[in-house]
Structure formats: C-alpha cells, structure tokens
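In what follows, chains carry the letters A, B, and so on, assigned in the order in which the sequence lines appear, proteins first and then strands, with residues in each chain numbered from 1. Since we're looking at a predicted model, the values are computed, not measured.
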Amino acid sequence: MPGSGLVLGRARRERLQVGESETVGPYTLLRLERGSLDPGIPGQFFMLEAPGRVLPRPMSLCQAPPGELAFLIEPVGPGTRALCALEERDAIHVLGPLGNGFDLDVERPLLVAGGIGIAPMPYLSDALGSPPAILGFRSERHAEAAVLLTDAEVVVEPRLVTELLPEDPGDVLACGPEPMLEAIRALVPRTQLAWEAPMACGYGACYGCVVEVDGHYERLCIAGPVLREAA
Amino acid sequence: MTVPILNASGCLDALVAPEVARSLDAFVTKTVTPLPREGNPPPRIAETEHGMLNSIGLQNPGVDGFLEHHLPKLASLEVPIWVSVGGFSAGDFAQVCSALDSCDDVATVELNLSCPNVEEAPETSAELVAAARGATSKVLYAKLSPATSDVAESARAVADAGADGLSLVNTIRGLQLDADTLRPQIANGPGGYSGPALRPIALACVYACAAAVDLPIVGMGGVTCGRDALDLVSAGASAVALGTLLFSDPEAPARVRAELEAEVRRRGQGFAAGLRGAAHGSTMSRPASAE
Ligand SMILES: Cc1cc2nc3c(=O)[nH]c(=O)nc-3n(C[C@H](O)[C@H](O)[C@H](O)COP(=O)(O)OP(=O)(O)OC[C@H]3O[C@@H](n4cnc5c(N)ncnc54)[C@H](O)[C@@H]3O)c2cc1C
Ligand SMILES: Cc1cc2nc3c(=O)[nH]c(=O)nc-3n(C[C@H](O)[C@H](O)[C@H](O)COP(=O)(O)O)c2cc1C
Ligand code: FES
C-alpha cells in the first residue's frame with residue numbers, strides 16, 4: 001500500500017525501495033528512494049521497518065540527496081543488523097519525519113558528535129552552511145565516518161570531544177552517547193542536544209520512550225529528540 | 001456482519017494522532033486512575049523475539065486532569081470514546097466511574113482489572129466490577145488477565161457482578177535480560193508481554209469466555225492482520241482491538257478491517273451469518289452482539 005496517505009502532522013508512512021548502500025567504517029549508509037516523504041528538519045527521525053522484527057527502529061536522517069533519504073546505521077543488535085543487511089530493491093515501510101529537530105536559527109553554531117551521533121550531522125551541516133564541527137570516535141575504524149563531514153576536527157578515544165570545545169563555544173548542537181551529552185550540558189550554557197531512548201512507536205502512542213524533563217516524564221519522541229537548554 | 005475495530009488501551013494517544021483515532025470504530029483511552037501518575041522509571045520497553053515487554057506503570061493525568069484537559073478534545077474527534085479505568089482498590093474504581101457517569105462524551109467504561117505493572121487491588125475482580133457498577137450506569141466492560149487458571153470462571157464472576165461486556169486480554173508478565181549485563185532490560189524488572197506471542201493465549205481466553213458467558217467480547221492480543229481478527233471473531237469476539245500492531249503500523253485499522261472483510265467474503269454469504277463463534281461448532285449458545 002504505497003502512499004496510502006496517513007498523515008501525522010508532516011509525517012507520512014510509505015513503503016520505500018532500497019537503493020545502493022555503502023559501508024562507512026563499521027557503519028552502513030542505507031539509501032532509500034524518497035517516495036512522497038518529506039525529509040523534514042535536521043535532527044528529526046524516521047521509524048524504519050526492521051525486517052523480521054516486531055517493532056520499527058528510530059533513525060535520524062543523515063543525508064537528503066534529491067529523490068533519496070539516507071540513514072547511517074550502526075549494527076548493534078537484531079534490528080539494526082536487519083537494516084544493514086537490506087539489499088538493493090528490497091522495500092521497507094518508513095514513517096516520518098517525526099519529533100522535533102534542531103532549531104536552525106542560531107548565531108554561532110558548533111556541531112559536536114560522538115560515535116553514531118554523527119548520523120544527523122551531514123544534513124544539519126548542509127542546512128547551516130557547513131559550520132565548524134568536532135567529532136569523537138572510539139577507534140580509528142569508527143573515525144572513518146568523518147568523511148561524511150568535511151573539515152571537521154576529529155578525536156579518537158581516549159581523547160574526548162569536550163577537550164576541543166573552545167572557551168566560548170557559541171551554540172552547541174550535539175548528538176552522541178549520554179555521558180557526552182551530559183558533559184557538554186555541564187560545560188556549555190546554550191545547547192541543543194539530541195537524546196536517545198528506546199522507542200516502540202515514535203509517534204507518542206506507547207509512552208515507552210520517556211525521559212525526565214523538569215521533574216516529569218515526557219515522551220522523547222514528541223518532546224524531542226532534540227531538547228534545548230539555555231542557562 | 002461488521003466487526004468494530006478499536007485500539008487497545010495504552011496503545012494510541014488520540015490527541016497526538018487524531019487521524020489514527022478517526023480510523024477506529026471507537027477510541028479507548030489509556031487507563032485513568034483517581035490521582036495523576038508519573039508512571040514507572042525508564043527504560044520501560046524491550047522488544048523480544050515475538051513480541052514486546054512494557055512497564056509504563058499507568059502514566060496518566062488522573063481523573064480530574066483527564067476530564068478537564070483530555071475529554072473535551074477527545075470528544076471533538078467524533079469517535080465514540082471508551083474510557084479505561086484503573087485503581088488500587090474498589091473505592092478507586094468507584095471514584096473514577098462516578099466522575100465519568102455524568103459525561104455524555106463517554107460511551108463506555110472499560111475496567112482495567114489486570115495491569116501486570118502496578119500493585120493489584122486487594123479485592124477480587126468481581127468485587128471491583130460490583131463497586132464500579134454501583135457508581136455508574138455506563139456500559140461497563142471488564143478487562144481480564146490471561147494469567148489465571150480459569151478465565152471462564154473470572155468471566156462468570158464479573159458477569160454476575162454486573163459487567164456488560166468483556167475485554168480479552170491484557171498483557172501477561174514476562175522478563176528479558178540484557179545480553180551483556182544479564183540484568184533486566186526494563187528498569188522495573190518484569191513487564192507486560194504483548195504482540196504476536198500473545199495471540200494463541202488470547203484466542204484460548206476468548207474461546208473459553210464466549211462459551212461461559214453471554215456477553216459481547218472485545219478480543220485482543222497479537223493481532224497483526226485480518227486473518228488474526230477473523231480467528232478472534234470465530235472464537236467468540238464481537239469486536240477486535242489492535243495494540244502493539246499500532247506501534248509499527250498506524251494505518252493498521254483500515255488495513256485489518258479491509259483484510260477481515262476480504263477473508264469473510266472469500267468464505268461466502270452463509271459463512272458470514274454464523275461467523276461469530278464459528279470455532280465452537282454447535283456447542284455455543286449464540287451470544288449477544290456488541291453494541
Ligand atoms: C531519535 C533516535 C534516532 C536514532 N538515530 C540513529 C541513527 O541515525 N543511526 C543509528 O545507528 N542508530 C540510531 N538510533 C539508535 C537506534 O535506534 C538503536 O540502536 C536501535 O533501535 C537498536 O536496535 P537493535 O535491535 O539493533 O538493538 P537492541 O538489541 O534493541 O539494542 C542494542 C543495545 O542498545 C541499547 N539500545 C537500544 N535502543 C537504544 C536507544 N534508542 N538508546 C540507547 N540505547 C539503546 C539496548 O539496550 C542494547 O544494549 C537512534 C535512536 C533514536 C531514539
Ligand atoms: C505499551 C503498552 C501500554 C499499555 N497500557 C495499557 C493500559 O494503560 N491499560 C490497559 O488496560 N492495557 C494496557 N495495555 C495492554 C493492551 O491494551 C492490550 O491488552 C495488550 O497489549 C494485548 O494486545 P496486543 O498484543 O495487540 O498489544 C498496554 C499495552 C502496551 C503494549
Ligand atoms: S516511542 Fe512510543 S511514545 Fe515515544
């Protein structure tokens with residue numbers, strides 16, 4: 001039932017064909033034909049059907065070349081492995097764009113990403129006119145993904161992205177593992193951080209993805225995944 | 001015959017996804033308790049090989065918040081509203097039911113007698129239904145757990161206590177451990193097991209209860225397609241609810257409805273007439289139909 005027309009805000013659900021995928025270090029760049037889906041705002045995500053699994057998986061849009069949606073996927077478990085194993089001309093259901101992306105109205109953006117947190121950065125960087133970026137990876141092999149973002153500063157563990165933050169970093173737009181986001185939040189007054197939580201639905205139906213915001217449990221899929229903070 | 005398609009309680013927020021709610025024959029709210037609840041700490045969900053576990057812990061705005069902020073907006077969707085009611089004692093059930101009793105926008109009250117993720121009320125299901133029955137004249141559905149040795153006996157007891165219908169089934173408690181740490185993946189430990197793995201269990205419960213009592217039944221548990229819905233109706237359900245399926249496919253209500261119609265059409269006119277309870281052969285007295 002391609003394009004059968006469900007609309008959730010700007011999100012649509014459609015069965016999309018898989019194009020040619022690429023390997024980028026340990027990650028897979030999965031290219032899908034775009035169909036009638038809107039690529040949305042950088043930092044928004046899509047729910048991708050993971051073949052053979054009960055639940056779809058949330059993925060940030062990595063690149064939006066004409067007619068395509070491209071996702072950078074790290075195989076960490078059964079769902080992401082099934083997505084990385086997709087072959088050209090396979091087709092999967094995709095719902096999106098979902099959630100709140102980055103606010104692009106910032107004066108001095110600095111992009112910071114750790115590991116697979118690089119996923120939303122190429123699309124974000126394009127939208128902001130290639131601002132400065134700092135990337136951290138846990139090995140040289142993972143750092144191969146830095147090719148997706150030209151001119152970024154790259155550190156490999158044990159060095160951390162926070163070591164490269166300038167004195168006055170401006171507006172930090174970041175995505176990465178929770179300890180990295182917590183460290184940035186402690187150091188930087190104005191941030192937009194893209195968080196993660198396990199998600200069953202991605203559209204507010206299950207209450208599975210809550211995070212604590214101002215002392216209450218909020219659904220990250222509709223309140224985030226990008227949460228703003230200004231001290 | 002037409003089979004109403006509902007959502008399962010806690011598996012759709014009609015205010016966030018009104019288009020999905022409008023594709024249903026009735027919308028069932030997440031369980032409402034007397035006081036607001038923050039719910040259980042995250043992580044709250046884990047996927048399993050054939051289903052999922054959840055421990056949401058009845059996060060909800062409480063009955064006052066529900067009546068003030070949610071119900072007026074739900075009413076504007078123009079879909080019949082079923083309110084799921086929960087609590088920790090007979091008094092809790094009575095309190096929420098009496099608050100809903102005067103609301104014209106509430107079509108039906110479904111009593112969640114069986115959440116596996118919160119403490120149970122000390123009273124029996126029949127006592128909780130009796131307390132609710134005393135507090136409201138609304139149509140009352142009793143939602144039962146599949147985790148009893150004799151669900152038909154529970155069905156008879158809640159029918160005698162004044163239930164007008166049954167919702168079968170709620171989730172069943174399960175546990176999954178993280179492969180690396182061997183600790184539970186869900187913060188609270190166990191969670192309610194739902195999805196395809198629950199399907200044969202739900203089917204057996206509907207089958208047993210349809211033979212035991214003459215009440216309409218909303219069948220649910222692992223439905224993924226029209227054939228699954230057909231099975232529940234054949235076992236004795238008069239309506240079908242979709243839960244976990246909505247997470248992967250918000251378009252499922254229209255699809256399952258169309259697939260069910262096609263399944264029935266394929267089997268011919270005569271079949272459609274005797275569809276509900278067909279699995280019982282001639283052993284089941286014809287049960288009442290759902291309203
Ligand atoms: C909004 C959002 C955007 C995302 N974007 C991307 C992306 O662009 N590329 C990408 O590779 N991944 C992304 N992820 C993470 C990805 O969705 C998960 O890695 C995936 O769901 C794991 O599924 P699995 O079956 O492979 O592994 P599982 O077996 O489900 O999980 C493997 C391990 O990761 C943990 N885990 C699972 N899901 C999450 C989660 N959401 N957050 C933290 N830990 C988790 C599990 O507890 C387990 O230890 C995103 C997540 C969110 C919420
Ligand atoms: C995330 C989640 C939340 C749920 N919340 C409730 C709830 O608040 N009240 C309730 O009666 N049932 C709740 N349920 C149970 C469902 O309504 C349904 O009985 C069960 O999931 C079986 O159907 P399914 O296999 O189609 O999901 C919940 C189920 C899930 C998966
Ligand atoms: S993932 Fe279901 S509510 Fe957020």
Side-chain angles (χ1 to χ4, degrees), chain A residues 1-15 47-58 76-80 82 92-96 98-99 178 195-223, chain B residues 7-8 10-23 30 36-60 178-180 185-187 191 194-197 222 224 242-255 258:
Chain A
M1 254 199 294
S4 49
L6 174 90
V7 183
L8 285 165
R10 282 169 77 195
R12 289 177 148 268
R13 182 169 184 268
E14 214 170 290
R15 196 151 175 267
M47 292 301 280
L48 272 57
E49 172 187 356
R53 305 303 304 178
V54 174
L55 299 172
R57 297 299 193 272
V76 294
T80 46
I92 55 168
H93 282 100
V94 177
L95 172 70
L98 296 162
E178 213 168 289
W195 299 88
E196 271 195 20
M199 292 182 176
C201 71
Y203 69 97
C206 73
Y207 280 83
C209 63
V210 296
V211 296
E212 203 179 314
V213 178
D214 300 332
H216 293 287
Y217 286 141
E218 301 283 353
R219 287 167 284 180
L220 185 68
C221 67
I222 53 176
Chain B
N7 65 297
C11 298
L12 185 67
D13 182 342
L15 299 183
V16 174
E19 297 86 350
V20 182
R22 282 196 203 97
S23 73
K30 182 154 184 68
R37 289 175 55 82
E38 279 295 330
N40 291 339
R44 292 175 166 186
I45 52 171
E47 190 196 54
T48 69
E49 209 53 41
H50 302 289
M52 67 175 284
L53 299 170
N54 87 81
S55 182
I56 310 300
L58 303 185
Q59 181 170 351
N60 81 93
D178 183 90
D180 296 326
Q185 278 191 345
I186 288 179
S194 67
T224 63
L242 311 179
T244 304
L245 178 61
L246 289 172
F247 303 156
S248 61
D249 183 4
E251 294 171 303
R255 174 174 61 83

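Within the structure, every pair that satisfies the salt bridge (Lys or Arg N to Asp or Glu O under 4.0 Å) test and touches residues 47-59 of chain B, not counting sequence neighbours, is listed here: A/Arg53-B/Glu47, A/Arg53-B/Glu49, A/Arg57-B/Glu47.
Going from atom CG of B/Asn54 over to atom SG of A/Cys206 covers 8.5 Å, rounded to the nearest 0.5 Å.
Neither the backbone nor the side chain of B/Asn7 has a heavy atom closer than 4.5 Å to any heavy atom of chain A.
Nearest heavy-atom pair, A/Tyr203 versus B/Leu246, reported as atom, atom and distance to 0.1 Å: OH-O, 2.7 Å. Considering every non-hydrogen atom in both A/Val54 and B/Thr48, the closest pair reads CG2-O, 4.3 Å. The minimum heavy-atom distance linking A/Gly208 with B/Arg44 is given by the pair O-CB, 3.8 Å.
Most heavy-atom pairs under 4.5 Å with chain A: of the set B/Ser55, B/Gly51, B/Ala179, B/Gly243, this distinction falls to B/Gly51. In terms of non-hydrogen atom pairs under 4.5 Å with chain B, the most contact-rich of A/Pro78, A/Gly79, A/Ala200 is A/Ala200. Counting heavy-atom pairs under 4.5 Å between each of B/Gly39, B/Gly195, B/Ala14, B/Pro41 and chain A puts B/Pro41 at the top.
At least one side-chain heavy atom of B/Met52 sits under 4.5 Å from a side-chain heavy atom of A/Leu55.
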Derivation of the side chain to side chain contact (heavy atoms under 4.5 Å, CB included) call for A/Val210 and B/Gln59: CA-CA 10 Å; A/Val210 296; B/Gln59 181 170 351; 3.7 Å; yes

Pair up each side-chain donor or acceptor in residues 214-221 of chain A with any protein partner under 3.5 Å, not counting sequence neighbours, and list the distances.
{"unit_1": "A/His216", "atom_1": "ND1", "unit_2": "B/Glu38", "atom_2": "OE2", "d": "2.4"}
{"unit_1": "A/Arg219", "atom_1": "NH1", "unit_2": "A/Gly204", "atom_2": "O", "d": "2.7"}
{"unit_1": "A/Arg219", "atom_1": "NH1", "unit_2": "B/Asp13", "atom_2": "OD2", "d": "2.8"}
{"unit_1": "A/Arg219", "atom_1": "NH2", "unit_2": "A/Tyr207", "atom_2": "OH", "d": "3.3"}
{"unit_1": "A/Arg219", "atom_1": "NH2", "unit_2": "B/Asp13", "atom_2": "OD2", "d": "3.3"}

